[in-house]
Each structure stands twice: as structure tokens, then as C-alpha cells.
Amino acid sequence: SAIKRTALKLGMIPADGIGKEVLPAAQRVLEALGSSIPKTTFIPLQAGWEEFQRNGKALPEETIKILKEECDAAMFGSVSSPSHKVEGYSSPIVALRKHLDLYANVRPVSSVKIPNQSSYHQCDMVIVRENTECLYIKKEEIKTNSDGSKIALATRQITSTASSRIGKMAFEIALRRGKEREQAKSQGKSVWWNGQPKVTIVHKSNVLSITDGLFRESVRSVKESTNRYDSIKMEEQLVDSMVYRMFREPEIFDVAVAPNLYGDIISDGAAALVGSLGLVPSINAGDNFVMGEPVHGSAPDIEGQNIANPIASIRSAALLLSSLGYVEPASRINAAVDAVLEEGQYLTPDLGGKSSTTDVTEAILKRL
Ligand code: ATP
Ligand code: MG
């Protein structure tokens, strides 16, 4: 929500691998906004696999304490996971989501025309994934039948509380995107999605009528219980048909909201539509805190070479600002990124270019 602030404190957690290269790029871009955002202090914080190897903790208490007590929001880089199970190590990002009650993962996926690249479908959608329940509560058991065969069972939890709050977030995002598009149009910019803002509820309630039925009903009633969302169209897609249509005609989607597992799968699928993991941003959001995070991992294969694409991280910073209510500076960042991509002169190798992380960052700064 847009709280009036005179100053902003951002926790910066680069963590591992290319996170240490792309997060500073996002910081430079935020710094370049000058007085169009409140005076911003960046607080460097530790977490990750490298931190675990140094000090035995993947998420130091100090980091949680500072995030909770001092920071308005945070940016996260990327975390490496060891390829084998290591005693005492668990992912700091999962723990952070729990500690800060970041119940939604929000991923905008939008295509950009890059010169000399095979053209992808036009697409500009946001996937809003529930982040706390569904099959990911990890209640699994295995039993042996009397004939020696095995049966494995997993519990899937869907609650009306978690489903309504994720639904509300999806409708709020659709409202905000609608406003952003109107603003862009009034400035003479072209927008791909010209229709009414739309929320698509993704489920499989024809088969899982109780669990997905509750998800569907809870999200529907968010809209039906108020007139705040009257301007937003609500539709539904069964998850299998959602995947098919997303690949055939992604341009028909605006905001899609899904339970945890479906959301996980369709959001990686959607990232594939736009060409590189290095382009896709996300935020982890709750009612009281928000954390920007590029979708990609720590990319150990390209770490330390200054060739990682900083755009996912820079776009995550824009998304963070926009969710804090600073919509105009956020769209300035996005416009600078799009301009650099469309110009095609400064591209990192994942997009077929030869530029470095620093070159791309500086090209974006120049546009800003
Ligand atoms: P992790 O276990 O941390 O997820 P990973 O090996 O799965 O590591 P990812 O970061 O998920 O690596 O990346 C998958 C592939 O995409 C790698 O080949 C990586 O180099 C590439 N990639 C990911 N992010 C970027 C980026 N920002 N710029 C360029 N290439 C990237
Ligand atoms: Mg990975």
C-alpha cells in the first residue's frame, strides 16, 4: 500500500553466486532515481549457502531482526543449494518467507522485442502464486501394504483464509495494472492489453472439487463481496487448459491467480515464453513486508565473470517500488530497461549479446 514515507530503508541480501553481481546493479538503478523516491538507505545483510559455510547459519538471527525492526522492504539476490543434503542447512528464502509472512509470490512475465531474436508471443501477464500451503505443506507418508507393495500419500491443504488473501492480492494487482495502463495510454504509449483488467482463477475443481473448489469459491467471493473490483473481469481456467492457452495465446491473460503447486509450474512455464531467466522478476509479498527477488538461481556456471543479466534484478526493484506505491519511478525503470532491450546494442550473452553486467547496467542508467 502507498504509505507516505520520508525515508526508505531497504535490506539488501545478495546471498550467493550471481546474486552478488546483479543485486548491486539494482541498487545503482534505485540510487539513480534521486528525489523521485524517498531518501533511501541500503542495509547490507547476510544469508545463503556461502554464509552457512562461513558461520554455520544460512539465515543469521541478526538478518531477521534488522529486516523486521528496521527495514521497510528488502531485495534478495539468489541462493545456491548444495547438491547433496547438508546437516543443518535449509534454504534461507523459504525461512524468510515464513518469518516475514510473505504469502504471495508475484511474477510479471512480459515479452520485449529484441532485435535479431526469434519473436515470441506478445505477452504481459502477472502470475500470483499462493506461497504457504497446498501440497507444499510437506505432509507426506509412505506405508507398506500387506502384499509388500508401497503406498505414498501427501496431504493437500487449502484454507479459505489463505485463498481469500491471495485472491485479494490478485484483484489489487489487477486494479493497479489497469491504472498503470491508463496512465501509459494517456502519455501516448502503446499497451498490448487494451481490454478490461482481468483476473483468471486457475484450478482443477472439476476433479478436486473439495480443495480446488474451496480455492475457487474463496477467490470468487473476494470480488463478489465488494464493489471495489467491479471494473475487473473474473474468469476461470482449468490448470491443464491454462498451460495450453498460455503457450498458444499468452496475450489473452492479465492477472492469473493459482494455488501453490499450479502457480509454481505455470510461472516457470511462463518465464520460458520470454526467452531468458535473466529477464524475469518477482516479489515475495505479505501484508506488512515485501521482498524483491529475481526468478533465476545463483547460476554457478557464469558466476564471477560479470556476464550475468542484471535485468531480472533491476525489474524486481521496479516491482518492489510499485508495490510500495511508487508507481511512476517504477515505470521509469521499466521503460529504461525496455528501451535498452529494444535498442539491442547492450545485451548480455543469454540474449545473444556480448555485453557485460556492468555495460547493461550503465546503458539502463543512461536511459534513466
Ligand atoms: P541454482 O541451483 O542456484 O538454481 P542453477 O544451476 O539451477 O543454480 P539457475 O540460476 O537456475 O542455475 O540458472 C539456470 C541457467 O540459466 C544457467 O545456465 C544460468 O547460467 C542461466 N541464468 C540464470 N540467470 C541468469 C542471468 N541473470 N543471466 C544470464 N544467465 C542466467
Ligand atoms: Mg535453478
Side-chain angles (χ1 to χ4, degrees), residues 12-29 46-53 58-59 75-86 89-97 105 107-112 114 117 120 129 136 264-284 291-320 333-334 336-338 340-341 344-364:
M12 300 297 278
I13 316 164
D16 303 323
I18 61 167
K20 291 177 291 183
E21 301 165 49
V22 297
L23 210 66
Q27 181 169 331
R28 288 181 70 187
V29 168
Q46 298 299 329
W49 169 236
E50 292 164 23
E51 174 63 17
F52 176 82
Q53 288 169 301
L59 183 61
M75 285 286 297
F76 192 90
S78 55
V79 62
S80 300
S81 336
S83 51
H84 50 285
K85 185 160 171 50
V86 174
Y89 180 80
S90 63
S91 162
I93 193 81
V94 175
L96 277 172
R97 285 178 186 150
N105 188 243
R107 275 189 194 188
V109 183
S110 62
S111 50
V112 170
I114 302 170
Q117 291 256 309
Y120 292 94
R129 166 187 168 193
Y136 290 20
D264 191 6
I265 296 169
I266 63 173
S267 60
D268 268 31
L273 285 172
V274 295
S276 170
L277 263 174
L279 293 175
V280 189
S282 81
I283 49 170
N284 299 283
M291 185 167 74
E293 181 197 1
V295 162
H296 61 74
S298 64
D301 54 335
I302 57 165
E303 167 181 6
Q305 299 173 44
N306 195 27
I307 54 167
N309 192 339
I311 289 177
S313 175
I314 290 168
R315 282 179 164 169
S316 300
L319 196 57
L320 181 81
I333 296 178
N334 288 326
V337 167
D338 289 354
V340 168
L341 285 172
Q345 201 189 336
Y346 297 100
L347 300 175
T348 42
D350 57 312
L351 296 175
K354 291 199 171 79
S355 303
S356 67
T357 309
T358 322
D359 295 336
V360 172
T361 308
E362 277 161 11
I364 293 168

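Starting from 1, each residue takes its place in the sequence as its number. Values in this document were obtained by computation on a predicted structure and should not be read as measured data. Atoms within each ligand, like the ligands themselves, are counted from 1 in listed order.
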Side chain to side chain donor-acceptor pair (under 3.5 Å) partners for Ser267, two or more places apart: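 Ser267 satisfies side chain to side chain donor-acceptor pair (under 3.5 Å) with Arg107 only.
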*Apply side chain to side chain donor-acceptor pair (under 3.5 Å) to Ser356 and list each qualifying residue two or more places apart in sequence or on a separate chain.*
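In terms of side chain to side chain donor-acceptor pair (under 3.5 Å), with neighbours along the sequence ignored, Ser356 is linked to Asp359.
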Run the contact test for [X] against ligand 1 with a 4.0 Å cut-off on heavy atoms, strictly below, and give the result.
X	value
Thr348	no
Ser78	no
Ile302	yes

May I ask you to list the atoms of ligand 1 that are less than 4.0 angstrom from any heavy atom of [X]?
X	value
Val79	3 (O)
Ala308	28 (N)
Gly297	3 (O), 4 (O), 9 (P), 10 (O), 11 (O)
Ile18	24 (N), 25 (C), 26 (C), 27 (N)
Gly278	26 (C), 27 (N)
Pro300	6 (O), 8 (O)

**Request:** May I ask you to identify, for Asn309, whether its side chain, its backbone, both or neither come under 4.0 Å of ligand 1 on a heavy-atom basis?
**Result:**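 Both the backbone and the side chain of Asn309 come within reach of ligand 1.
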Indicate yes or no: at least one non-hydrogen side-chain atom of Met12 is less than 4.5 angstrom from one of Gln27.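 Yes - at least one pair of side-chain heavy atoms lies under 4.5 Å apart.
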Rounded distance [0.5 Å steps], CD1 in Ile314 versus CE in Met75:
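Output value for this atom pair is 9.0 Å.
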